[in-house]
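Being a predicted model, the structure only gives us computed values, none of them experimental. Residue numbers begin at 1 in each chain, while the letters A, B, ... track the order of the sequences.
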2 protein chains.
Amino acid sequence: MARTPTTHDPFNAVAEPKRRRILEALGAEERSVNEIVKKLGWTQPMVSKHLGVLKQVGLVSERRVGRQRMYRVNAQRLRPIYDWVTPFERYWSENFDRLDEVLQELKKEK
Amino acid sequence: MARTPTTHDPFNAVAEPKRRRILEALGAEERSVNEIVKKLGWTQPMVSKHLGVLKQVGLVSERRVGRQRMYRVNAQRLRPIYDWVTPFERYWSENFDRLDEVLQELKKEK
DNA sequence: TGCATATATTCCCATATCGGAATATAATAA
DNA sequence: TTATTATATTCCGATATGGGAATATATGCA
């Protein structure tokens, strides 16, 4: 077995920086391939290929309009990432620091 | 150029499910390699190798105690992931749905 | 039909990957 | 010193990657 395929899950798909850029570029909008190409300044095949991966993983959905393909972010597919990382937020948050301070205080009191 | 190396950034390091499991297993605690091995039921070299990647990326830090190596999560290194994914949260959240409803209402009123 | 536009696909290759097995290193104990 | 414990490293192979260049497909238009 090699590395987990990029199309296996959102974590792997989004590990590639260019795919993150594409999702950012889309935002809440629906955009054609060429719009993304122009916005990011990459080659068209490059954008298409990354969109292909994002589509396979379900991170974007595609709609055909004439000869254009309109893409939009499927945000809920990012939720596993959000849900996984969020619990760690407390480790760097202010509250966690305070908890640490409290523990230090308790030690001193002893 | 092939795929971005796993040691390049937190996104890539965490794309591997087993490395996510290790971070989960650590949580807020400091644990030795063997504790993780027992907790997860994997082989020791496997755990060590994944810890090696996590350490290179800075997602864990290591402290030597006798012949043991104690590892702990470096949570703030997960922050780039949190920061990147959080803005998308609004696209699936209740508030965003409500905004959509409001827009629908406005259309009907016309 | 024939041409232009919009997008996808194929071919190629250098590069890392993850896992397993075996082995190396380091620290402690007898 | 020698044995044992704790952990890291090396070697291997099958596999997928992302980029570039060229090409295919598909739709619309004259």
Yes or no on side chain to side chain donor-acceptor pair (under 3.5 Å) for B:N12 and A:R3, after CA distance, side-chain angles and deciding distance?
CA-CA 11 Å; B:N12 278 279; A:R3 201 165 166 187; 2.8 Å; yes
Across nucleotides 12-19 of chain D, 5' to 3', mark each nucleotide with B, S or - according to how protein heavy atoms within less than 4.0 Å reach it.
---B-BBB
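The phosphate of C:dA8 (OP1 or OP2) has a side-chain N or O of A:Y71 nearer than 4.0 angstrom. Contact between the side-chain N/O atoms of B:N34 and the OP1/OP2 oxygens of D:dT7 is found at a separation under 4.0 Å.
For the pair B:Q56 CD and D:dA8 P, the computed distance is 13 Å after rounding to whole Å. Between A:K38 atom NZ and C:dT7 atom C1' the separation is 13 Å, expressed in whole Å. Spacing between atom CD of A:Q44 and atom P of D:dG20 amounts to 13 Å, rounded to whole angstrom units. Protein atom NZ of A:K55 is 10 Å distant from nucleotide atom C1' of C:dA8, rounded to whole Å. Between the CD atom of A:Q68 and the C1' atom of C:dA6 there is a distance of 7 Å, rounded to whole Å. Put simply, CZ on A:R63 is 15 Å from C1' on C:dA6, counting in whole angstrom units. Rounded to whole angstrom, the span from the CD1 atom of A:I22 across to the C1' atom of C:dA8 amounts to 14 Å. Between the P atom of C:dG19 and the CH2 atom of B:W42 lies a distance of 8 Å, rounded to the nearest Å.
A:T86 has its side chain out of reach of B:T86: every pair of non-hydrogen atoms, C-beta onward, lies at least 4.5 Å apart. Side-chain atoms of B:D9 and B:T4, non-hydrogen and from C-beta on, do get closer than 4.5 Å to each other.
Mapping A:S32 and B:T43 onto DNA chain C via the closest heavy atom, the residue that lands nearer the 5' end is A:S32.
Only one option out of B:F88, B:W92, B:Y91, B:W84 pairs with A:Y82 in a ring pair (Phe, Tyr, Trp, His ring centres under 6.0 Å); it is B:W92.
Cation-pi geometry between B:R20 and A:F11 is met: the NZ or CZ atom falls under 6.0 Å from the ring centre, inside 45° of the normal.
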All N/O pairs under 3.5 Å across the protein-nucleotides 24-30 of chain D interface:
residue: D:dT27; atom: O2; partner: A:R67; partner atom: NH1; Å: 3.4

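Without hydrogens or angle criteria, B:S93 side chain to B:R90 main chain gives a donor-acceptor distance under 3.5 Å. Not one N or O on the side chain of B:R19 forms a donor-acceptor pair closer than 3.5 Å with the backbone of B:L51.
Shortest non-hydrogen contact noted between A:V60 and A:L26 is CG1-CD1, 4.0 Å.
With D:dA6, C:dT9, D:dA8 as the candidates, the nucleotide lying closest to the side chain of B:V33 is D:dA8.
Under a 4.0 Å N-O distance rule, the pair A:E29/A:R72 does not qualify as a salt bridge.
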